[in-house]
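Heads up, the thing below is written out as structure tokens.
Every chain is numbered from 1 and lettered A, B, ... according to where its sequence line falls, protein lines coming before strand lines.
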Amino acid sequence: MHRYRSHNCGALRKSDVGNETRLSGWVHRVRDHGGLLFIDLRDHYGITQCVIDPDSPVFNLAETVRSEWVLCIEGAVRERADDAVNKNLPTGEIEIFLEKLEVLAECPELPLPVFGEQDYPEDIRLKYRFLDLRRERIHNNILKRGRIMSSIRQRMVEEGFFEFQTPILTASSPEGARDFLVPSRMHPGKFYALPQAPQQFKQLTMIAGFDRYFQIAPCFRDEDARADRSPGEFYQLDIEMSFVEQEDVFQAVEPVLRGLFEEFGDGQPVTQKFPRIPYAEAIQKYGNDKPDLRNPIIMEDATDHFRGSGFKIFAGQIENDDKVRVWAIPAKTGGSRAFCDRMNSWAQGEGQPGLGYIFFRDGEGAGPIAKNIGEERTSAIRSQLGLEDGDAVFFVCGDPKKFASFAGDARTRAGETLDLVAKDRFDFCWIVDFPMFEWDEQEEKVDFSHNPFSMPQGGLDALENQDPLTINAWQYDIVCNGIELSSGAIRNHRPEIMKKAFEIAGYEESVLEEKFGGMLRALTYGAPPHGGIAPGIDRIVMLLCGEENLREVVMFPMNQQAEDSLMGAPSEVSARQLRDLHIRLNLPKTPAS
RNA sequence: GGGGGUGUAGCUCAGUUGGUUAGAGCGCUGGCCUGUCACGCCAGAGGCCGCGGGUUCGAGUCCCGUCACUCCCGCCA
């Protein structure tokens with residue numbers, strides 16, 4: 001018999017009754033009846049109930065075991081009496097009658113109970129992550145993550161993609177987030193950077209004549225954390241393809257994600273054909289570029305209903321400024337003064353002057369705005385938005401650039417408060433036609449709004465003849481349930497277009513040469529048209545596990561301050577190490593202690 | 001860098017208007033218990049109320065500062 005086990009703790013069934021077995025695992029739970037003792041033994045595979053009575057030679061030892069001790073036990077598989085069967089366990093029809101017991105490891109009182117699914121403080125969970133990971137829910141999340149990884153690889157290969165590896169120690173990139181730097185011992189004063197994404201490498205892979213690249217790529221960015229954004233490092237399903245247009249990327253990626261979510265989404269419906277929503281339309285209808293389509297509320301322009309109306313606050317603004325618009329946020333079933341007032345005071349809490357509204361009852365509109373604009377206009381608004389008695393509509397007025405995000409928040413809040421948001425489904429969409437450039441208010445100049453490597457729609461002609469702020473890029477996002485899952489683009493593979501784009505954004509050609517010299521050189525030697533995308537793996541797993549926080553699907557995450565309290569990272573290093581790297585510390589002043 | 005929330009036993013939490021010796025559940029220790037599976041019953045140990053200062057006759061409670069964790073803003077091509 002094997003030194004530690006003949007079976008695992010999830011394996012034994014009725015058909016094994018009578019056999020001698022050996023199991024090893026952790027003490028999950030002990031139930032001591034004095035003359036009868038139950039020990040639930042747990043391992044990766046499951047839980048098996050062990051039973052000991054005073055006839056057993058190891059009864060006295062068994063009485064001393066505590067939670068999370070590691071045991072190796074031996075005994076006969078017994079069938080449980082009908083009324084003792086535990087239907088909640090796969091092994092619930094049998095138990096082991098203990099004949100031998102070896103304590104492999106003991107365990108002191110636990111800072112973090114493994115048994116049960118109570119919530120525990122994040123810092124303790126991370127410090128004792130090895131205990132936390134024994135718990136059922138997160139243990140299963142990590143397993144699901146692994147299965148998702150395998151499925152992704154299989155699906156990508158089936159779609160004709162090939163997996164590549166790109167460097168981890170690379171050069172600092174001038175664009176994007178702050179880099180993590182690694183000092184060079186051989187080149188004093190010089191640094192490697194960890195890649196923020198293998199963006200340039202995957203493009204170089206295409207230029208090198210490979211086709212259909214993918215990689216489950218670690219990405220490193222020194223930026224602050226959020227619930228859905230790990231500090232430091234995360235993984236992307238990095239994809240790039242040659243000789244493609246936007247539509248080809250969509251056709252390649254959409255079935256992978258749809259299939260993945262159907263496989264791991266526990267039967268929740270998944271969007272069959274992802275709708276494509278232009279960026280400008282997403283802003284107008286949903287107030288942001290990552291709309292949660294489970295929320296049925298769609299905003300509409302209602303400016304004309306207020307132009308020259310008796311509601312002077314809006315009418316005056318419309319009169320004075322061409323840019324001013326009124327957006328209507330329809331709220332089905334929100335037609336009560338109480339709800340409308342709650343929304344209004346929420347808006348004031350958000351720093352807004354308020355949130356105007358009309359609510360409909362007894363066949364007419366109620367509230368101050370309805371009184372001011374009169375019956376005819378109120379009725380026109382109602383029919384435009386398809387509202388009925390018992391519904392409400394909210395209004396925001398001003399320059400859409402400034403209020404769009406607040407309007408989007410109001411849409412989200414109304415949908416959630418009124419319970420209009422569909423549950424248990426994955427609603428995908430593509431956001432397309434992102435603007436190539438945007439006006440930088442602080443610098444008072446035109447700048448790239450997204451990725452400088454994206455191809456402008458209309459190519460060189462558009463750059464030379466169009467108002468830059470009206471040019472769109474072949475740039476797209478995938479959004480699921482209001483979470484931005486990935487961002488991608490058809491790349492700019494023409495050096496002269498690249499130079500022109502940087503010129504418009506106010507960069508000298510020398511800057512382009514200096515910062516992207518390697519890339520530019522590659523583009524001049526026959527670059528194929530190419531494009532790709534990079535879905536965020538951690539966020540995909542988070543959605544599929546039904547978790548709200550990335551740390552629930554990452555084995556060893558850092559805390560919000562980007563510290564690993566288990567391994568003690570970041571840490572000080574020895575003077576010798578610093579000397580090797582030609583580094584002298586220049587620490588910030590701390591208050592005298 | 002900024003804003004919000006939290007911080008009381010190993011863990012989860014309660015703690016009234018500022019008023020005697022700071023409580024409960026789980027866990028831990030001891031005792032009882034032969035069919036439990038969140039076993040049950042009895043007893044016990046366990047507290048710098050995050051830390052520092054202040055107000056007060058008196059502070060877990062009020063004020064100021066600070067630290068930790070977390071959520072958000074900034075940041076994230």
Side-chain angles (χ1 to χ4, degrees), chain A residues 28-42 47-56 59 63-64 66-68 78 80-89 91-92 95 97 107-128 131-132 173-179 195-197 199-200 219-232 234 349-351 405 409 434 436-438 442 447-454 473 475 484 487-489 491-492 501-502 505 515-516 534 536 548-549 551 558-561 563 565 591:
Chain A
H28 190 60
R29 194 87 176 146
V30 178
R31 291 176 297 281
D32 187 349
H33 289 234
L36 189 67
L37 183 64
F38 297 98
I39 297 174
D40 289 339
L41 200 65
R42 182 198 72 238
I47 291 177
T48 299
Q49 174 167 286
C50 304
V51 57
I52 309 100
D53 72 16
D55 296 337
S56 167
F59 182 76
E63 277 199 304
T64 67
R66 292 292 175 265
S67 291
E68 299 308 310
R78 281 203 326 205
R80 296 204 205 176
D82 283 351
D83 59 350
V85 166
N86 185 344
K87 292 195 171 62
N88 298 322
L89 289 181
T91 61
E95 63 195 7
F97 187 78
C107 173
E109 189 175 350
L110 296 164
L112 182 99
V114 172
F115 178 80
E117 284 297 319
Q118 208 169 4
D119 286 333
Y120 298 102
E122 204 73 59
D123 47 344
I124 293 178
R125 291 183 58 194
L126 295 183
K127 184 171 178 186
Y128 297 94
L131 290 177
D132 194 33
S173 145
E175 288 289 327
R178 198 174 287 118
D179 284 316
Q196 295 185 23
Q199 176 67 36
Q200 294 193 56
C219 303
F220 306 90
R221 296 178 191 175
D222 187 1
E223 60 193 8
D224 288 348
R226 291 287 183 280
D228 63 352
R229 200 170 76 199
S230 299
F234 59 95
E350 296 289 296
S405 124
D409 290 348
F434 278 85
M436 181 82 189
F437 300 102
E438 66 187 4
Q442 284 185 348
D447 202 356
F448 293 111
S449 69
H450 243 82
N451 184 333
F453 295 137
S454 299
Q475 169 94 39
E484 183 189 319
S487 187
R491 318 300 172 189
N492 188 341
F502 274 79
K515 312 243 182 195
F516 302 105
E548 303 267 313
N549 193 304
R551 287 184 296 268
M558 296 197 285
N559 67 14
Q560 199 172 37
Q561 278 67 244
E563 296 163 324
S565 52

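Remark: P of B:A68 and CD of A:E122 are 17 Å apart, rounded to the nearest angstrom. Note: CG (A:N559) to C1' (B:C71) measures 14 Å, nearest angstrom. Going from atom CD1 of A:I47 over to atom C1' of B:U36 covers 14 Å, rounded to whole Å. As rounded to whole Å, 13 Å separates atom C1' of B:C72 from atom CG of A:N549. The distance from atom CG of A:D32 to atom P of B:G30 is 11 Å, rounded to the nearest whole Å. Here B:C42 presents its C1' atom at 17 Å from NE2 of A:H33, a figure rounded to the nearest Å. For A:R31 and B:U34, the CZ to C1' distance is 14 Å, given to the nearest whole Å. One interatomic measurement links the two molecules: CD of A:E563 to C1' of B:C67, which rounds to 12 Å at whole-angstrom precision.
Nucleic acid contact for A:F453: none, since no nucleic acid atom lies under 4.0 Å from a heavy atom of the residue. In this structure, A:E95 reaches the bases: a heavy-atom distance under 4.0 Å links it to at least one base atom across the strands shown. A:V85 comes within 4.0 angstrom of a nucleotide base, judged by non-hydrogen atoms across all strands.
B:G10 and B:C72 have their C1' atoms separated by 32 Å, given to the nearest Å. For the C1' atoms, the distance from B:C76 to B:G60 is 41 Å, rounded to whole Å. If you take atom C1' in B:U8 and the same atom in B:G47, they sit 8 Å apart, rounded to whole Å. Using atom C1' as the reference point in both B:C67 and B:G52, the two lie 10 Å apart (nearest Å). Between B:C62 and B:C49, the distance separating the two P atoms is 16 Å to the nearest Å. Only the C1' atoms considered, B:A24 is 15 Å distant from B:G46, to the nearest whole Å. Annotation: B:G19 and B:G25 have their P atoms spaced 24 Å apart (nearest Å). Taking atom C1' in both B:C33 and B:A43, the straight-line distance is 15 Å, to the nearest Å.
Contact annotation: side chain of A:R80 to base of B:U36, donor-acceptor pair present below 3.5 Å. For a distance-only test at 3.5 Å, the side chain of A:N86 qualifies as a donor-acceptor partner of the base of B:C37.
Of the listed residues (A:V85, A:V51, A:N86), just one forms a side-chain contact (heavy atoms from CB on, under 4.5 Å) with A:E95, and that residue is A:V51.
Taken from CG in A:N492 to CG in A:N451, the straight-line distance is 10.0 Å, to the nearest 0.5 Å.
Each of A:R66 and A:E63 has a nearest nucleotide on RNA chain B; the 5'-most of these lies closest to A:R66. The nearest heavy atom of RNA chain B to A:R221 and to A:A227 marks one nucleotide each, and the one closer to the 5' end goes with A:A227.
In summary, A:D40 and A:R29 do not engage in a salt bridge, as defined by a charged side-chain N under 4.0 Å from a carboxylate O.
Under the 4.5 Å side-chain criterion, counting only non-hydrogen atoms from C-beta, A:E223 is in contact with A:R229. Between A:F502 and A:P452, the closest side-chain pair of non-hydrogen atoms falls below 4.5 Å.
Counting all heavy atoms, side chain and backbone alike, A:M558 lies closest to A:P231 at CE-O, 3.3 Å. The heavy-atom pair separating A:R125 from A:Y120 by the smallest distance is CD-O, 3.4 Å. What you find for A:G34 and A:E63 is that their closest heavy atoms are O-OE2, 3.9 Å. Nearest heavy-atom pair, A:L112 versus A:Y128, reported as atom, atom and distance to 0.1 Å: CD2-O, 4.2 Å. Here the closest non-hydrogen pair linking A:L41 and A:C50 is CB-SG, 4.1 Å. Minimum heavy-atom separation, A:M436 to A:S454: CE-O, 3.3 Å.
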Could you list all N or O pairs between the protein and nucleotides 73-75 of chain B that sit under 3.5 Å apart?
{"unit_1": "B:C73", "atom_1": "OP2", "unit_2": "A:R226", "atom_2": "NE", "d": "2.6"}
{"unit_1": "B:G74", "atom_1": "N7", "unit_2": "A:R226", "atom_2": "NH2", "d": "2.7"}
{"unit_1": "B:G74", "atom_1": "O6", "unit_2": "A:D224", "atom_2": "OD2", "d": "3.3"}
{"unit_1": "B:G74", "atom_1": "O6", "unit_2": "A:R226", "atom_2": "NH1", "d": "3.2"}
{"unit_1": "B:G74", "atom_1": "O6", "unit_2": "A:R226", "atom_2": "NH2", "d": "3.3"}
{"unit_1": "B:G74", "atom_1": "N1", "unit_2": "A:D224", "atom_2": "OD2", "d": "2.5"}
{"unit_1": "B:G74", "atom_1": "N2", "unit_2": "A:D224", "atom_2": "OD2", "d": "3.3"}
{"unit_1": "B:C75", "atom_1": "O2", "unit_2": "A:R229", "atom_2": "NH2", "d": "3.0"}
{"unit_1": "B:C75", "atom_1": "N3", "unit_2": "A:R229", "atom_2": "NH1", "d": "3.4"}
{"unit_1": "B:C75", "atom_1": "N3", "unit_2": "A:R229", "atom_2": "NH2", "d": "2.9"}
{"unit_1": "B:C75", "atom_1": "N4", "unit_2": "A:R226", "atom_2": "NH2", "d": "3.4"}

Might you list the N or O atoms of the protein lying below 3.5 Å from N or O atoms in nucleotides 2-11 of chain B, with each pair's distance?
{"unit_1": "B:G10", "atom_1": "O2'", "unit_2": "A:L110", "atom_2": "O", "d": "3.4"}

A:T91 and A:Q49: CA distance, side-chain angles, deciding distance, side chain to side chain contact (heavy atoms under 4.5 Å, CB included) verdict: CA-CA 8 Å; A:T91 61; A:Q49 174 167 286; over 6 Å; no
For RNA chain B, the dot-bracket notation using Watson-Crick and G-U wobble pairs below 3.5 Å, [ ] for pseudoknot-type crossings and | for other-strand pairs, is (((((((..((((.....[...)))).(((((.......))))).....(((((..]....))))))))))))....
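Side-chain N/O atoms of A:R551 include one lying less than 4.0 angstrom from OP1 or OP2 on B:C71. Put simply, A:Q560 has a side-chain N or O that comes within less than 4.0 Å of OP1 or OP2 on B:C71. Phosphate contact (OP1/OP2 of B:U70, side-chain N/O of A:Q561, threshold under 4.0 Å): present.
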